[in-house]
Each structure stands twice: as C-alpha cells, then as structure tokens.
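We name chains A, B, ... by the order of the sequence lines, and we start the count at 1 in each one. Given the structure is predicted, the values throughout are model-derived calculations rather than measurements.
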2 protein chains.
Amino acid sequence: MARLPVYLRSLSELATAGSSTTSSDVLAERSGVNAAKVRKDLSYLGTHGTRGVGYDVRHLIFEVSRALGVANTWPVVVCGLGNLGRALANHTGFTERGFPVVAAIDVNPALIGMTVDGVPVHSPDRLADVVADHDVAIGVIATPPGAAQDTADRLVAAGVRSILDFSSTVLSVPDHVEVRAVDLSTELQILGFHLQRDLPADRSPRSLA
Amino acid sequence: MARLPVYLRSLSELATAGSSTTSSDVLAERSGVNAAKVRKDLSYLGTHGTRGVGYDVRHLIFEVSRALGVANTWPVVVCGLGNLGRALANHTGFTERGFPVVAAIDVNPALIGMTVDGVPVHSPDRLADVVADHDVAIGVIATPPGAAQDTADRLVAAGVRSILDFSSTVLSVPDHVEVRAVDLSTELQILGFHLQRDLPADRSPRSLA
DNA sequence: CGGAACTCGTGATCCGATTCACAAGCGGGG
DNA sequence: CCCCGCTTGTGAATCGGATCACGAGTTCCG
Ligand SMILES: NC(=O)c1ccc[n+]([C@@H]2O[C@H](COP(=O)([O-])OP(=O)(O)OC[C@H]3O[C@@H](n4cnc5c(N)ncnc54)[C@H](O)[C@@H]3O)[C@@H](O)[C@H]2O)c1
Ligand SMILES: NC(=O)c1ccc[n+]([C@@H]2O[C@H](COP(=O)([O-])OP(=O)(O)OC[C@H]3O[C@@H](n4cnc5c(N)ncnc54)[C@H](O)[C@@H]3O)[C@@H](O)[C@H]2O)c1
C-alpha cells in the first residue's frame with residue numbers, strides 16, 4: 001500500500017512525542033485518512049493491535065518498517081544531472097531512508113568524471129558497469145523528455161527493475177519493470193483545471209449569453 | 001480527469017508528426033491507457049469524433065486545451081528556495097504551460113531582495129503583498145517539513161486556493177483549498193517495497209525454517 | 001465479580017472507475 | 001445505390017478500494 005510510508009512518518013512523530021501506544025483514530029487523524037482504512041491496512045501486515053487499548057507504537061513501527069523493507073538499502077542512480085537531477089543528488093533525506101544516490105549519469109562532457117555533491121558522474125556508456133558495481137536497484141530519469149526512453153532502455157538492459165521517471169513521457173518497458181512517473185507540469189495543470197472550474201462565472205462561453 | 005494532460009501531450013506529438021486525424025486506439029497506445037477509457041474521457045468534453053474515421057487532431061487539441069483551461073495563466077509562488085525550489089524556479093517548462101513562477105519566498109536573509117534565475121525573492125512577511133501584486137493562484141511549498149504548515153497557513157491567509165506540497169507532511173487546510181502532495185521519498189519507498197516483495201526467497205523470516 | 005467504556009478486526013455494503021460489448025453512424029468502393 | 005469495414009459513443013457488467021457496522025476482546029472501576 002502507498003499509505004504505509006505516511007503511517008511510518010506519523011508513528012515516528014508519535015514516538016518522538018513520547019507516546020508508547022496509540023489508536024487507529026489518532027493515526028488516521030495524523031495521516032489524513034479514515035480510521036477504518038488504517039485498521040484494514042494494518043491488518044494486512046498480520047497486525048498485533050490490542051482491542052480496547054490500541055497499537056504499541058514501537059512494535060508497529062517495527063512491523064511497518066519490515067513490511068516496507070526499510071532495513072534494506074536500495075542504491076539509486078540518477079540519470080540526467082540538470083536542475084532536477086542535481087537537487088535529487090544533493091538531497092540528504094534519501095540516503096537516510098535507505099536510498100543512497102551512488103552515481104549519476106549525464107551526456108555532458110564537462111560533467112563526466114567529476115564528482116558533484118559527492119556523487120560521481122559517468123557517461124551513459126558506463127551505465128551497465130555502474131549498475132553492476134554498486135548493485136543499483138533503482139534508476140531515476142531526470143533527462144530531457146527526448147532522452148527518456150533511451151535512458152529507460154539502457155537501465156532495463158543493465159538489469160534495473162524499478163524506475164522513477166520525471167520526464168513527462170510515457171515509457172514503454174517490459175512487464176517485470178516497475179515505473180512510477182512524477183509529472184510536475186501535470187500536477188500544476190490539475191490544480192489549474194480546478195481553479196478554472198471554480199470560477200465558471202466570467203470564463204465560460206455561456207457568460208456571453 | 002488527471003489524464004487530460006497526457007492526452008494533450010500525445011496529441012501535440014501527433015500534430016507535429018503531421019497527423020491531422022487519429023483514433024482512440026492510437027491515442028490509447030501513446031498515452032498508455034485503455035482505448036475505451038480514452039473514448040469515455042473524451043465524451044465527457046462533449047466531444048466531436050467522427051464514427052468510422054476518428055478524431056480531428058487539431059480540433060481535439062483545442063477541446064482538451066479549453067477543458068484544461070490552458071488559455072489561462074496561473075501565476076505561481078515558490079516557497080523555500082533550496083535545492084528543490086531553485087530547480088523549480090529555474091525550470092522553463094512551467095512558464096510555457098501557463099504557470100509562470102513570479103516570485104519566491106525564503107527566510108534566508110542572504111536571499112531576500114535578490115533575484116534568482118529571474119525570480120525575485122521575498123521574506124515570508126511579504127507573502128500577502130506578493131500574492132496580491134501578482135495575482136498568484138498557486139503556491140508551491142518546498143520548505144523543510146517543519147516550516148510547511150506555517151507556510152501553508154500564510155498562503156491560505158493570503159488567498160491562495162491551490163497548493164503543491166513537496167514537504168512530506170500532511171497539511172491541514174480549509175476545505176476550499178486544494179492540496180496536491182508530491183513525496184519523492186514515498187515514491188522510492190514504494191519502489192523498494194515491490195523490489196523486496198519480488199525477492200522473498202532469502203529475505204522473508206520463513207526462510208529460516 | 002459485573003458492567004461500562006473503549007478499540008480492534010473484519011464481513012457486508014457501497015460507490016466510483018474501469019472495462020466490455022455492441023448498436024449506430026460514417027466513408028469508400030463496386 | 002447499396003454494402004462492407006472501420007470507429008465512435010454508451011449502456012451494462014465488472015472490479016477494487018473505501019466505508020460502514022458490529023461482534024469480540026481488553027481495561028478499569030465500583
Ligand atoms: N526542473 C524542474 O523543476 C522540472 C519540473 C518538471 C519536469 N521536469 C523534467 O525533468 C527533466 C529534467 O529537468 P531539468 O530541469 O533537470 O533539465 P535540464 O535541462 O536542466 O537537465 C537535463 C540534464 O540531462 C542531461 N542529459 C541529456 N541527455 C541525456 C542522456 N541521454 N543521458 C543522460 N543525461 C542526459 C543534460 O546534459 C542535462 O544535464 C525534464 O524532462 C523536465 O521536463 C523538470
Ligand atoms: N531536494 C530534493 O530532492 C527533495 C526530495 C524529496 C523531498 N524534498 C523535500 O522538499 C523540501 C525542500 O527540499 P530542499 O532540498 O530544497 O531543502 P533545502 O534545505 O535545500 O531548502 C529549504 C529552503 O527553505 C527555506 N526555508 C526554511 N524555512 C522557511 C520558511 N519558513 N519559509 C520560507 N522558506 C523557508 C530555507 O532557507 C531553504 O532555502 C523539503 O521538505 C524536503 O524534504 C526535497
């Protein structure tokens with residue numbers, strides 16, 4: 001479930017706030033979801049809440065962490081070290097959560113061979129070696145849209161089975177590869193869509209009548 | 001619908017590729033969705049496809065653009081000009097799509113008053129003025145998590161009704177304000193979750209039996 | 001010890017989104 | 001002029017997630 005990370009964050013906050021036990025109501029409030037949903041989600045992990053009392057925060061953190069595989073670390077390679085790629089490579093939060101950025105890939109000759117924010121930059125030709133050397137599990141695509149499919153193909157060929165794509169393109173990959181797309185322009189367009197819908201008065205064609 | 005921007009991109013590609021007409025099948029293929037879904041979505045816009053022929057690409061671009069309100073421009077203010085905020089402010093694609101970044105907000109005294117990538121930086125105290133002066137419609141939160149709720153409150157108080165939040169927090173805002181959250185750590189954790197699930201052999205506790 | 005108050009687990013229900021399936025409309029060719 | 005193949009539009013069926021509702025277990029107090 002996509003909500004587990006949110007629960008984990010809420011639980012961590014509760015733990016540092018000193019709570020040793022909590023209820024599905026509190027957790028739901030903190031996570032911005034329905035209480036029944038929380039209980040159902042947690043029951044999927046073969047949960048161990050106590051009726052009449054609630055959940056043990058520490059134990060629940062352990063369970064959710066295990067389900068998410070937080071104990072594992074999954075090395076990441078960032079492809080395309082432009083505005084966005086640099087921000088990602090420079091972000092310390094990823095390493096803390098088990099996703100160290102171990103290398104970057106770029107076509108820019110001025111970058112290849114350099115180390116940016118502690119991350120070594122390689123040519124796309126060396127992608128397979130980089131993946132093998134560092135046991136890379138996840139590829140991030142932050143290249144221009146035109147280079148995205150080629151980059152995805154190279155990642156797949158190198159054995160990467162998880163891709164996070166920022167490039168605003170529809171990638172085609174084999175079935176066994178999972179792609180998650182994050183498209184910021186689309187997010188803004190959705191917000192704009194609703195803004196427009198809420199102000200139909202002077203913008204709809206009907207206002208001419 | 002959240003798919004309209006994807007259709008619009010596919011249609012633009014088809015237009016520049018020289019197609020003057022297209023079918024729901026082609027559009028579905030390009031957009032990575034089901035053909036029936038494409039037809040149903042388009043029928044919501046009071047569509048004008050021709051049976052036996054397909055859709056007129058130019059006309060459909062016009063219809064989808066109108067539905068999305070692409071003609072409008074929605075000025076954006078970026079709050080928190082760190083790694084991520086800078087990448088967003090520097091991105092040219094937003095302005096092209098009608099989302100110009102007209103100002104940035106930061107607490108860092110070294111930034112306030114400066115112009116970064118053509119974007120003037122203001123103190124949080126001046127947020128209300130900035131919103132009023134530039135008719136800001138959308139606020140982007142790229143501050144550290146601890147400052148996110150406060151920033152959201154200021155945005156709402158200034159009259160902003162759409163927020164794009166990168167801060168990995170659950171914001172509480174009035175009902176009439178729309179929040180879209182983009183959490184990159186969560187995206188990575190979801191990928192990690194599936195990676196782990198696909199390799200249960202030597203990681204599950206049961207392998208000890 | 002009994003009962004009241006609380007909270008979890010979960011079967012049943014609901015609801016919107018997706019998919020299916022096919023009739024209706026269009027164009028082109030004979 | 002008619003028929004055949006193609007594609008849309010859309011009611012019907014399906015699916016999956018969200019929500020409801022309630023039985024069951026726990027604590028605590030009198
Ligand atoms: N910056 C943002 O805020 C933002 C917002 C929304 C979407 N995006 C998308 O993210 C992607 C990257 O954005 P950006 O602003 O960082 O762009 P950018 O132009 O700043 O950086 C692109 C980088 O990719 C490198 N590159 C080009 N071809 C490559 C290849 N084949 N292999 C590896 N590297 C290659 C370039 O050398 C450059 O360093 C784009 O697709 C853009 O549409 C960015
Ligand atoms: N950089 C990434 O790739 C990345 C990835 C995932 C999540 N995030 C999240 O995005 C947010 C920003 O990340 P970042 O890497 O840009 O952080 P950053 O530390 O580089 O930048 C934060 C900026 O916000 C400013 N700021 C602090 N308090 C503020 C306030 N009250 N009002 C306005 N500005 C304020 C700081 O001066 C700084 O310039 C964080 O919440 C982070 O968790 C970032």
Once you round it to whole Å, what is the distance between [atom2] of [N] and [atom1] of [X]?
X     : N      : atom1 : atom2 : answer
A/D25 : D/dC20 : CG    : P     : 12 Å
A/H59 : C/dC8  : NE2   : C1'   : 15 Å
B/M1  : C/dG16 : CE    : P     : 12 Å
B/L60 : D/dT7  : CG    : P     : 16 Å
A/H48 : D/dT26 : NE2   : C1'   : 17 Å
A/D56 : D/dT26 : CG    : P     : 16 Å
B/L42 : D/dG9  : CG    : C1'   : 11 Å
B/R39 : C/dA21 : CZ    : C1'   : 10 Å

Query - Within 6.0 angstrom of A/R126 CZ, more than 12 heavy atoms from elsewhere - result: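 Yes, the 6.0 Å shell around CZ holds more than 12 heavy atoms from other groups.
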Requested in this report: Tell me, yes or no, whether the heavy-atom count around A/Q149 atom CD, taken from other residues, nucleotides or ligands under 6.0 Å, exceeds 12.
Outcome: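 Yes.
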Are [X] and [N] close enough that a side-chain N or O sits under 4.0 Å from OP1 or OP2?
X     : N      : answer
B/Y55 : D/dC6  : no
A/R3  : D/dA18 : yes
A/N34 : D/dC20 : yes
A/S24 : C/dC8  : yes

**Report entry** Short side-chain donor-acceptor distance under 3.5 Å, B/D25 and B/S23
**Finding:**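 There is no such pair between these side chains.
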Query - Quiz item: B/R51 side-chain donor-acceptor pair to D/dG9 base, under 3.5 Å - result: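 Counting by modelled atom types and ignoring angles, no donor-acceptor contact under 3.5 Å is found here.
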Query - Closest approach of A/L81 to A/A89 (non-hydrogen atoms, all atoms of both residues) - result: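 Between these two residues, the closest heavy atoms are CD1-CB, 4.2 Å.
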Requested in this report: Output the single nucleotide from D/dT10, D/dC20, C/dC8 whose closest atom is nearest the side chain of A/S23.
Outcome: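 Out of D/dT10, D/dC20, C/dC8, the nucleotide with an atom closest to A/S23's side chain is C/dC8.
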Query raised in the report: With respect to the side chain of B/T47, which nucleotide from C/dT19, C/dC8, D/dG9 is positioned closest?
Result: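 Selected nucleotide (nearest to the side chain): D/dG9.
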**Report entry** A/K40 or A/G54, whichever maps to the more 5' nucleotide of DNA chain C
**Finding:**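 Here A/G54 is the residue nearer the 5' end.
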**Report entry** Short N-O contact, A/D150 and A/R154, less than 4.0 angstrom
**Finding:**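 The answer is yes: the pair qualifies as a salt bridge.
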Requested in this report: For the residue pair B/L195 and A/R161, establish whether any side-chain heavy-atom pair is separated by less than 4.5 Å.
Outcome: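 Result yes, sub-4.5 Å side-chain heavy-atom pair found.
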Query - Side-chain touch B/L88/B/V101, heavy atoms, less than 4.5 angstrom - result: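 When only atoms from C-beta onward are counted, B/V101 and B/L88 do not touch, as no gap falls below 4.5 Å.
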**Report entry** Five-pair end axes of the helix from C/dC1-D/dG30 to C/dG30-D/dC1, angle between them (10°)
**Finding:**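 Nearest ten degrees gives 10° for this helix.
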Query - 5'-most by nearest nucleotide on DNA chain D - A/V53 or A/K37 - result: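 Checking each residue's closest nucleotide, the 5'-ward one belongs to A/K37.
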